[in-house]
Amino acid sequence: MAKVVIQLPKPIPASNDCLPHAAMNLGSPRSSGTRPIAGMVRTLVLEEQLGNWILYRLDDRGGFVGDTWHGSREDAIWQIGREFGVVLDF
């Protein structure tokens with residue numbers, strides 16, 4: 001499994017432990033200042049990189065909302081279930 005893409009049935013806000021990266025949010029219309037408005041997540045992308053698993057969160061336009069890195073696929077799948085209520089069976 002190299003990449004899994006999950007479309008959520010409706011947009012859901014990302015949790016507090018999902019960190020947006022400044023370089024990927026340049027030009028973001030959400031807001032500016034010290035407290036940007038959290039993006040609504042519509043698409044999840046789970047991808048293996050360098051022996052770790054990265055969970056990307058994207059908005060309904062495909063814009064970057066945030067990501068988390070996980071040491072195992074099982075941990076990333078647990079995070080998806082905890083944060084979005086999606087149960088993956090693979």
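As a basis for the values below, the full set of heavy atoms in this structure was taken, side chains included, without hydrogen atoms, waters or symmetry mates. These numbers were taken from a predicted model, which means no experiment stands behind them.
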Nearest heavy atoms of [X] and [Y], plus distance in Å:
X	Y	value
Phe64	Leu58	CA-CD2, 4.0 Å
Ala14	Val65	CB-CG1, 4.0 Å
Pro9	Arg42	O-NH2, 3.3 Å
Asn52	Gly71	OD1-CA, 3.6 Å

In terms of hydrophobic clustering (I, L, V, M, F, W, Y; side-chain heavy atoms under 4.5 Å; direct or indirect links), are Leu8 and Leu88 co-clustered?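 Looking at the clustering, Leu88 is in the same group as Leu8.
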
Shared hydrophobic cluster, Trp53 / Trp78 (ILVMFWY, side-chain heavy atoms < 4.5 Å): no

Side chain to side chain contact (heavy atoms under 4.5 Å, CB included) between Leu44 and Ile80, worked out: CA-CA 8 Å; Leu44 304 173; Ile80 292 170; 3.9 Å; yes

Going from CD on Gln7 to CG on Asp60, what distance comes out if it is rounded to the nearest 0.5 angstrom?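 Here the rounded value is 10.0 Å.
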
Straight-line distance of Ile54 CD1 to Lys3 NZ, nearest 0.5 Å: 11.0 Å

Taking the basic N atoms (NZ, or NE/NH1/NH2) and the acidic carboxylate oxygens, is any pair closer than 4.0 Å for Arg57 and Glu83?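 Judged by the 4.0 Å cut-off on N to carboxylate O distance, Arg57 and Glu83 do form a salt bridge.
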
Hey, mind stepping through Met40 and Asp59 against side chain to side chain contact (heavy atoms under 4.5 Å, CB included) and telling me if it holds? CA-CA 6 Å; Met40 297 295 284; Asp59 63 19; 5.8 Å; no

Check the pair Gln79, Phe84 against side chain to side chain contact (heavy atoms under 4.5 Å, CB included), reporting the backbone distance first and the verdict last. CA-CA 8 Å; Gln79 178 71 26; Phe84 300 101; over 6 Å; no

Have Ser72 and His70 got a donor and an acceptor in their side chains that come within less than 3.5 Å? no

